[in-house]
Amino acid sequence: MTLTSDVDAFTTTRLLDAIAPTDGGRDILDPATGAVVGRAPEQTPAELEDAIARARAAQPSWAKLSHSERSAHLNAAADAIEANAEALAELLSREQGKPLNGPNARFEVGACASWLRATASFELAPEKVVDDGVGHAELHYRPLGVVGAIGPWNWPMMITVWQLAPALRMGNTVVVKPSEYTPLSVLALAHVINTALPADVLHVVAGGRDIGEALSGHPGIDKLMFTGSTATGKAIIRSSADTVKRLTLELGGNDAGIVLPDVDAKAVAQDLFWGAFINTGQTCAALKRLYVHEDVYTEVCDALVEVAAGMPMGVGLDENNVLGPLQNKAQFDIVATLVESAKASGAKVLTGGDPVADQAGYFYPSTLVADIDNSNDLVTQEQFGPALPIIRYSTIDEAVEMANALDVGLGASVWSSDVDRAREVAARIEAGTVWINKHGAVDPRVPFGGAKQSGYGLEFGVEGLKQLGAPQIISY
Ligand code: NAD
């Protein structure tokens, strides 16, 4: 079955007009320049009630469609995103701050389309659990009902698609609550996706924490997909308890990378840099603590400094830039405070660490900090920004112990020219994903989720579809 969305290409201005509130709302400012990007609605609890009621009313007919019919809608939504990719990327760049180029705005919009297509393509057939000639038991996955999706501001479009694509595919309708920092990107994305979906299958309710809280406690929401900080994840567990909501929690991380003594520093430096500095460090599964063996410590530090020097940071719409500002003042302050604590402890700033005062945007330079103690705040707290602490170690046991010492475990990486050796070390690390010779590379076919307080539940692939279905056994 093929469907097409009925949309011509939007411009960014037309998208902003389409999502602007008829009255009220608030201005959203560009974190690189302070200029007004557009006006976002501030929706009320009554509007949330209305969206949930409409999503509930639309859900049975959406669930009645076959998997291939719903997949055709997801593919048509991907077509619509591709037809509007430049307008969406420009809006995302202006609101979130990430540049158009590099692994940034255009890359994120492209990932939205590819995740929709991949999610449309997965097969989740009923599973015969017992079929021994005496008894039969089959495991089916039915739609849950209405899924709530609450997201962060770092990858606002891509994470929204990660949440809504499997939910829709499994026959649920969806109510999204975007981050208050990046509502325009999510509203515009949903506006485009909705050109390919039946009415009321997908709603966005833009508002603050109060709307998130109301969504997570609402009896009309059957499952909540949450991506954000561990602190908010804990609040959501509490507020969802009375309705025993199903939860997928993708929470904060503080990913360790371990560089073994056999690496070629120059060969891995570029990948190490992007592992840590992708999206100017504002990435859940970015490399946030780098443990380097003493034999290669100086070489790795030098190679990283050289790579960092060649990565231009600036306003996102400038095609030359590959790093942008921090998205908001609060995040800028967190990064600045953590780097100051490292400096005060006597750690050595190899590059960066000295933002320009009184600048228009929240630019914090790419910062590498060496000779830092493992107990420093820049190591133990999630910096979520462009400041990487590099810690020296002597034995693998010591490195593994330091990597596992925190109560979060989203991703991790091991860097070595001997993949078998790296796999042995990887097996000892407490994290949901351990990459070898790369960091943070996600793939729509490969399950992704956190260990420890980085959350629970898996996203992506067939495992991800299962999390958006209600398991039901038919036994006879
Ligand atoms: P946040 O927790 O402050 O906010 C996330 C969302 O939760 C926002 O939409 C916010 O309005 C909403 N919210 C806030 N309080 C709420 C409440 N009490 N009930 C319901 N909703 C509420 O997170 P953030 O600052 O936007 O994002 C950064 C964090 O997200 C980092 O810790 C990062 O590691 C994490 N993150 C994790 C993943 C992952 O896949 N594990 C991906 C991206 C970001």
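Nothing here was measured: the structure is a model prediction, and the numbers come from that model. Every number for a ligand or one of its atoms is a count from 1 in the order of the listing.
Taking R94 as the reference, E90 meet the salt bridge (Lys or Arg N to Asp or Glu O under 4.0 Å) condition, with sequence neighbours excluded. Residues passing the salt bridge (Lys or Arg N to Asp or Glu O under 4.0 Å) test with D222 are R56, sequence neighbours excluded. Listed by chain and residue number, nothing satisfies the salt bridge (Lys or Arg N to Asp or Glu O under 4.0 Å) test with D30 (two or more places apart in sequence, or in another chain).
Exactly one residue among V425, N437, V300 makes a side chain to side chain contact (heavy atoms under 4.5 Å, CB included) with W415. That residue is N437.
The residues lining ligand 1, counting any heavy atom closer than 4.0 Å, are I150, G151, P152, W153, N154, I159, K177, P178, S179, E180, R209, G212, E213, S216, F226, T227, G228, S229, T232, A235, I236, E250, L251, G252, G253, C284, E382, F384, L410, F448.
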Legend entry - Stepwise side-chain contact (heavy atoms from CB on, under 4.5 Å) test for I258 and L290: CA-CA 6 Å; I258 300 181; L290 185 61; over 6 Å; no
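Centroid-to-centroid, the aromatic rings of W153 and F384 come within less than 6.0 Å.
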